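Working notes, beginning with the structure itself.
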Amino acid sequence: QVQLAESGGGSVQAGESLTLSCAASGYAYQCMGWFRQAPGKEREAVAIILNSGLVPNYADSVKGRFTISRNVAKNTLGLQMNALKPEDSAMYYCAAAARGLRPSGDCEDASGFYNYWGQGTQVTVSS
């Protein structure tokens, strides 16, 4: 059974940085990722990566500002968020997919493929 626990959320000013971390148990998954959901909006993929730590992919809205990282030895997933904007405010979730590989070798970004979820951590960015 895979269990995921996020930490590191908080409230910051626009332009500042935050680092999220996810502690995982178990290794029975192909892909991991960070998703976010703001009030009244659908959950969206922010950044996803293979369980091995290879082939990261990012939402266009965060490219160049966010970096996803995977430490296989410690079984953790990180998200470094720089130059935060008010529109980045949301609940951020760590997720893992038992079967999430595309034929191209990267990970699916649709939330429906991800069957393990953490409780979420709130990120609030004020202008």
Side-chain angles (χ1 to χ4, degrees):
Q1 181 70 20
V2 175
Q3 293 184 324
L4 305 172
E6 306 94 339
S7 61
S11 296
V12 296
Q13 297 286 322
E16 295 183 342
S17 299
L18 275 176
T19 302
L20 304 184
S21 185
C22 174
S25 65
Y27 287 90
Y29 38 90
Q30 295 178 334
C31 297
M32 297 189 78
W34 290 97
F35 290 74
R36 67 186 180 188
Q37 188 168 19
K41 295 189 176 181
E42 292 187 356
R43 189 170 295 188
E44 63 173 353
V46 175
I48 53 177
I49 197 167
L50 292 177
N51 187 24
S52 64
L54 300 176
V55 198
N57 279 317
Y58 299 91
D60 288 343
S61 59
V62 306
K63 280 181 182 176
R65 300 188 297 121
F66 290 13
T67 302
I68 189 171
S69 60
R70 169 78 173 130
N71 187 319
V72 177
K74 294 183 179 180
N75 206 4
T76 58
L77 185 72
L79 185 68
Q80 177 65 41
M81 305 185 292
N82 297 329
L84 283 160
K85 304 175 181 179
E87 52 263 43
D88 294 318
S89 296
M91 186 70 78
Y92 282 70
Y93 298 91
C94 175
R99 294 284 186 267
L101 280 179
R102 291 172 172 163
S104 54
D106 59 350
C107 288
E108 293 284 355
D109 60 3
S111 60
F113 283 91
Y114 290 77
N115 40 357
Y116 303 108
W117 294 86
Q119 296 287 344
T121 185
Q122 179 69 39
V123 172
T124 303
V125 185
S126 56
S127 57

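What you are looking at is a predicted structure, and each value in this text was computed from that prediction instead of being measured.
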Joint hydrophobic cluster, [X] plus [Y], side-chain heavy atoms closer than 4.5 Å:
X      : Y      : value
Phe113 : Met32  : no
Trp34  : Val125 : yes
Ile48  : Met91  : yes
Phe35  : Leu77  : no

Do the ring planes of Tyr93 and Trp117 sit parallel (below 30°), tilted (30 to 60°) or perpendicular (above 60°)? perpendicular
Which value, rounded to the nearest 0.5 Å, describes the distance between [X] atom [atom1] and [Y] atom [atom2]?
X      : Y      : atom1 : atom2 : answer
Leu84  : Gln13  : CG    : CD    : 11.0 Å
Ile68  : Cys94  : CD1   : SG    : 8.0 Å
Tyr114 : Glu108 : OH    : CD    : 7.5 Å
Arg36  : Asp88  : CZ    : CG    : 5.0 Å
Leu54  : Ile49  : CG    : CD1   : 7.0 Å
Leu79  : Ser21  : CG    : OG    : 10.0 Å

side-chain contact (heavy atoms from CB on, under 4.5 Å), paired with Leu20, selected from Gln80, Glu6, Met81: Met81
Close side-chain approach of Leu101 to Leu50, heavy-atom, < 4.5 Å: yes
side-chain contact (heavy atoms from CB on, under 4.5 Å), that's the test. Do Lys85 and Val62 meet it? Break it down for me. CA-CA 10 Å; Lys85 304 175 181 179; Val62 306; over 6 Å; no
Nearest heavy-atom approach of Ala45 to Ala59 is O-CB, 3.4 Å
Salt bridge check, Lys63 against Asp60: does any charged N sit closer than 4.0 Å to a carboxylate O? yes
